[in-house]
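A short worksheet on the structure shown next.
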Amino acid sequence: TQHGYFGKAVAGGGNKGLYNEAANINRFNDDQQISFIGQANNTNKQNFTVQDILGTNRISGGGRGGGFGGGNFAGPKGMQSSQANAGFTTNNNGITQTLAAGLNYRDAWGKKTDAYGSYFYNNLLTTQEQKTATENLIPGDSSIYDDQDLLSQSRNINQRFNFNIESQFDSSNSIILRPNASYQQANSSSQSTTTTTKGETTPLNNS
């Protein structure tokens, strides 16, 4: 018999508005297990480790279901469409702001019926700023300078819900219900400004 809570939480901040916060909370009450993982940061990473995502499996010997949706938590799958293995770290150019959370549930709904599932939400906003300065040397004339500023943003939102209900009638007959749903939203925007001057002061073009 298992009863109680366990988990961990981290929080940190730094220069230029950087922050990094994460939490992992687990509740056990006999066969029922409820787990939450969440994070918010703008430091180009997701703090979910394999142990965070599959953590309840290590002490779930008394139950019949699978931790985090039968060992298949929606986190990595739900985010692969936005970036490769985004459940663990981001590799986009620019600064990525992450807001993500996952909820897992499992329980024995009677002697012969198990229920388990998970919900995951992931929201990534990546901002990239570039500044380019070019000098074109022209013989016998003043140099031509091009200064360009570029700002681009992309947002990807993923939500994924998985659930399983397994009922064993006897040693030869059972029924399994597996409702699931997923949602993805992606959008991006960019703007650039280019200024061309002859020498360092005479404007030629703005775009």
Side-chain angles (χ1 to χ4, degrees), residues 5-28 33-60 66-106 116-132 149-164 179-192:
Y5 295 81
F6 76 90
K8 64 180 180 180
V10 297
N15 295 331
K16 300 181 180 179
L18 295 177
Y19 60 91
N20 182 16
E21 293 146 5
N24 182 333
I25 302 171
N26 303 273
R27 176 184 181 270
F28 289 85
Q33 301 179 10
I34 299 176
S35 302
F36 169 83
I37 53 178
Q39 63 174 271
N41 70 71
N42 60 352
T43 56
N44 278 32
K45 66 180 179 179
Q46 294 209 10
N47 294 322
F48 295 160
T49 66
V50 174
Q51 192 62 64
D52 290 330
I53 294 176
L54 303 178
T56 56
N57 279 342
R58 66 181 184 272
I59 56 175
S60 61
F68 287 104
N72 185 23
F73 184 52
K77 277 193 173 182
M79 293 184 287
Q80 282 175 353
S81 56
S82 62
Q83 57 194 79
N85 257 353
F88 307 108
T89 183
T90 63
N91 55 12
N92 289 337
N93 293 324
I95 300 298
T96 298
Q97 175 182 309
T98 299
L99 178 62
L103 183 67
N104 179 76
Y105 167 86
R106 59 164 292 182
Y116 53 93
S118 60
Y119 168 78
F120 192 85
Y121 173 84
N122 189 55
N123 187 326
L124 301 178
L125 175 63
T126 301
T127 301
Q128 182 178 12
E129 295 184 55
Q130 286 184 314
K131 183 180 290 287
T132 304
D149 294 307
L150 174 66
L151 172 64
S152 62
Q153 288 188 319
S154 62
R155 183 182 295 276
N156 194 302
I157 299 174
N158 287 277
Q159 297 186 66
R160 186 180 181 92
F161 168 79
N162 292 286
F163 206 75
N164 294 267
N180 64 83
S182 61
Y183 169 84
Q184 179 173 338
Q185 174 185 338
N187 55 67
S188 62
S189 64
S190 64
Q191 63 182 35
S192 64

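Scored by the side chain to side chain contact (heavy atoms under 4.5 Å, CB included) test, Ile25 finds no partners at all (sequence neighbours excluded). Residues passing the side chain to side chain contact (heavy atoms under 4.5 Å, CB included) test with Gln191 are Leu151, sequence neighbours excluded. Take Thr127 and apply the side chain to side chain donor-acceptor pair (under 3.5 Å) test, not counting sequence neighbours, and it matches Gln153. For Asn187, the side chain to side chain contact (heavy atoms under 4.5 Å, CB included) partners at least two apart in sequence or on another chain are Arg155, Gln185. Taking Lys131 as the reference, Asp149 meet the salt bridge (Lys or Arg N to Asp or Glu O under 4.0 Å) condition, with sequence neighbours excluded.
Remark: Ser188 OG to Gln128 CD distance equals 12.0 Å, nearest 0.5 Å. One finds the CG atom of Asn123 at 4.5 Å from the CD1 atom of Ile157 (value rounded to the nearest 0.5 Å). For the atom pair Asn180 CG and Phe161 CZ, the distance stands at 8.5 Å (nearest 0.5 Å). Taking OH of Tyr5 as the reference point, atom CZ of Arg27 lies at 4.5 Å (rounded to 0.5 Å).
In the model, Asn104 has no side-chain atom that pairs as donor or acceptor with a side-chain atom of Ser118 under 3.5 Å. Between the side chains of Asn24 and Asn26, at least one donor N or O lies within less than 3.5 Å of an accepting N or O.
Closest of all the heavy-atom pairs between Gly102 and Phe120 is CA-CD1, 3.8 Å. The nearest pair of heavy atoms linking Gly94 to Asn44 is O-ND2, 2.8 Å. Residue Leu150 comes nearest to Ser192 through the heavy atom pair CD1-CB, 3.8 Å, listed as atom of the first residue, atom of the second, then distance. Nearest heavy atom pair, residue Leu99 against residue Ala40, reads CD1-CB, 4.1 Å. Scanning all heavy atoms of the two residues, the minimum distance from Asn42 to Tyr19 falls at OD1-N, 2.8 Å.
Looking only at side-chain heavy atoms (C-beta outward), Lys8 and Val10 stay at 4.5 Å or farther from each other.
Ring to ring, Tyr105 and Tyr119 are not that close: their centroids are 6.0 angstrom or more apart.
Within the 3.5 Å criterion, the main-chain N or O of Gly117 finds no donor-acceptor partner in the side chain of Asn164.
Each of Asn156, Ile95, Thr98, Thr96 was checked for a side chain to side chain contact (heavy atoms under 4.5 Å, CB included) with Thr126, and the lone residue meeting it is Thr96.
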For this session: Start with the C-alpha distance between Phe28 and Phe6, add both sets of side-chain angles, then the distance that settles ring-ring contact (aromatic ring centres under 6.0 Å, His included), and finish with yes or no.
Result: CA-CA 9 Å; Phe28 289 85; Phe6 76 90; 5.8 Å; yes

